[in-house]
Amino acid sequence: MTSPVWHPFTQHGLEEPIPLVTSAQGAALHTADGKRIIDAISSWWVTTHSHCHPKIVAAIRAQAEKLDQIIFAGWTHEPAEELARRLVEIAPRPLDHVFYSDSGSTAVEVALKMALGFWANRGEPRHRMIVMQHSYHGDTFGGMSVGERGVFTKAYQPLLFDVTSVPYPAAGAEQETLDALETACKQGDAAAFIVEPLILGSGGMLIYPPHILAAMHAICAKHGVLFIADEVMTGWGRTGTLFACEQADVVPDIMCLSKGLTGGAVPLAVTLASPPIYDAHFSQDRSQQFFHSSSYTANPINCAAALANLDVWRDEPVLERIATLAARQTEGLAGLAKVPGLLNPRQCGTMIAIDLASGDAGYLADVGPKLKAFFLERGLLLRPLGNKVYVMPPYCISEEDLGAVYEAIAEAAGAFGAV
Ligand SMILES: *Cc1c(COP(=O)(O)O)cnc(C)c1O
């Protein structure tokens, strides 16, 4: 039986099994063949509290019966208004303006266009983006351009725009990053620096400390280069705080949020902007307005889901849950660090990662698909980045389920971790 569905990041020619999921609850998925699968990667980093959180489900249902969709250019609705007000309240201040879109990639596109519009409307056009090595910012052309180049982008390479890349601040080499950033900022043509705060996700769960984030922000501020925080993955508690930037006391000029914005239930994104960015587009001249939109911008149902997510954050002990999960992950990681064949244990808040000591480390490392299949056989959704295994579960995951995850990773080290 062949399906007409063409899946993302999937080589159909390998004919790997594609599980059919019929329902989800808490941290568990249920498949058509009756299996219970532990969702150890939050369904690709989106599910924060749990699958099918009752308050979020109820909000979606109620909104769907009231107002499903409305054009957002020149029109508005209460869920979008209230959500924007509440996001401004909880975000680093002052990020007073909220632009809606549909995914992390579009939030990044919007951020890049806002930065370019800022400089263009001030009459000092600047076009150079500074980026960090190993970064990931999405799969649209702007996102690919500011992200790490590699096998993912090879076919499109000639069409990606030029950027200046600074090295990832590896432990002991942080000064090189700061020096490279200072040099790039001093050139005078840099519009913005875009960065994943505290942890580079798709690049391999690479972690750097808050004081480096603060230092990078200070360098950009000193030279008037806009600072774009891509919190698409790090937002909504993953790093231990609501937003990663909080840990460095950094207020970015522009901040991108998506993934956990609706608790992971439905797609929605926002790009938050500081007053100077908004003011640069504010005039009587229509040619200076912000030229970006998509059909479903600020869809009311999805905004209602995001409002319910904010209610969960307000009414439930989410930060306590996160602290408990982070402590369990610390323990689990300590156990894994002792297992032969596992290297570079690391943690950022609720997320842990560890590398298999198998020779090939690239994303297309042969061990990747083998590991995925190995974990699936054991009832786990884990999707290693090459030889890098990470655990990023919903905050509701039980101690027992977490234990099963660690056990399987240790077992995988025995099966695949040969140096
Ligand atoms: C996932 C991710 C994106 C892209 O988000 P999509 O919703 O998949 O388009 C952008 N930036 C970062 C840091 C991400 O982790």
Side-chain angles (χ1 to χ4, degrees), residues 42 44-49 56 79-115 135-138 140 142-143 146 192 194-202 213 226-248 250-274 277-278 292 294 296-299 302-314 318 322 349-351 392 395:
S42 297
W44 239 355
W45 316 354
V46 300
T47 310
T48 47
H49 314 291
I56 297 173
E81 293 293 336
E82 187 188 345
L83 179 58
R85 282 194 299 271
R86 288 175 63 183
L87 285 172
V88 167
E89 274 168 28
I90 60 170
R93 305 287 317 243
L95 285 170
D96 291 344
H97 303 279
V98 179
F99 192 93
Y100 287 102
S101 67
D102 312 305
S103 71
S105 299
T106 56
V108 166
E109 296 291 329
V110 165
L112 299 175
K113 287 174 71 173
M114 279 179 178
S135 294
Y136 177 78
H137 298 291
T140 48
V146 294
I194 180 164
V195 72
E196 293 167 85
L198 302 187
I199 174 165
L200 280 54
S202 302
L213 180 63
L226 298 176
F227 189 93
I228 304 173
D230 178 354
E231 291 240 19
V232 169
M233 187 276 269
T234 52
W236 308 106
R238 293 282 179 207
T239 69
T241 45
L242 180 57
F243 302 118
C245 282
E246 290 171 24
Q247 294 182 41
V250 158
V251 182
D253 298 294
I254 302 175
M255 184 162 104
C256 307
L257 298 174
S258 185
K259 292 193 170 126
L261 171 58
T262 61
V266 287
L268 186 69
V270 289
T271 306
L272 305 183
S274 62
I277 307 292
Y278 180 81
H292 192 93
S294 58
Y296 285 103
T297 299
N299 173 264
N302 299 0
C303 288
L307 279 170
N309 172 47
L310 291 189
D311 289 347
V312 172
W313 273 90
R314 186 193 58 204
V318 180
I322 285 171
T350 66
M351 304 172 277
M392 190 195 295
Y395 307 147

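All values derive from a computational prediction rather than experimental measurement.
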Name the residue from Thr140, Ile228, Leu226 that meets the side chain to side chain contact (heavy atoms under 4.5 Å, CB included) definition with Leu112.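 Testing each of Thr140, Ile228, Leu226 against Leu112, the sole residue satisfying side chain to side chain contact (heavy atoms under 4.5 Å, CB included) is Ile228.
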
Kindly give the heavy-atom pair with the smallest separation between [X] and [Y], and that separation in Å.
X: Ala80; Y: Ala298; answer: CB-CB, 4.3 Å
X: Pro252; Y: Leu95; answer: O-CD2, 3.2 Å
X: Pro92; Y: Phe243; answer: CD-CD1, 4.0 Å
X: Val232; Y: Lys259; answer: O-CB, 3.2 Å
X: His137; Y: Ile194; answer: CE1-CG1, 3.6 Å

Point-to-point distance, once rounded to the nearest 0.5 Å, from [atom1] of [X] to [atom2] of [Y]:
X: Glu81; Y: Leu307; atom1: CD; atom2: CG; result: 11.0 Å
X: Ile322; Y: Thr241; atom1: CD1; atom2: OG1; result: 8.5 Å
X: Asn299; Y: Tyr100; atom1: CG; atom2: OH; result: 11.0 Å
X: Thr239; Y: Met233; atom1: OG1; atom2: CE; result: 9.0 Å
X: Met114; Y: His97; atom1: CE; atom2: NE2; result: 9.5 Å
X: Leu87; Y: Leu272; atom1: CG; atom2: CG; result: 6.0 Å

[Y] and [X], any side-chain heavy atoms less than 4.5 Å apart:
X: Pro267; Y: Tyr296; answer: no
X: Leu242; Y: Trp236; answer: yes
X: Asp102; Y: Asn302; answer: no
X: Thr262; Y: Ile56; answer: no
X: Met255; Y: Val250; answer: no

Is it the case that the side chain of [X] and the backbone of [Y] share a donor-acceptor pair, with hydrogens and angles ignored and the cut-off at 3.5 Å?
X: Asn309; Y: Leu261; answer: yes
X: Ser42; Y: Met392; answer: yes
X: Tyr278; Y: Asp96; answer: no
X: Thr271; Y: Ala107; answer: yes
X: Asp253; Y: Phe227; answer: yes
X: Glu109; Y: His292; answer: no
X: Ser258; Y: Leu268; answer: yes
X: Tyr395; Y: Arg238; answer: yes

Using 30° and 60° as the class boundaries, would you call the ring planes of His49 and Trp313 parallel, tilted or perpendicular?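 Correct class here is perpendicular.
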
What verdict does the side chain to side chain donor-acceptor pair (under 3.5 Å) test give for Glu231 and Thr234, after you've listed the backbone C-alpha separation in whole Å, the side-chain angles of each residue and the deciding distance to 0.1 Å? CA-CA 5 Å; Glu231 291 240 19; Thr234 52; 2.9 Å; yes

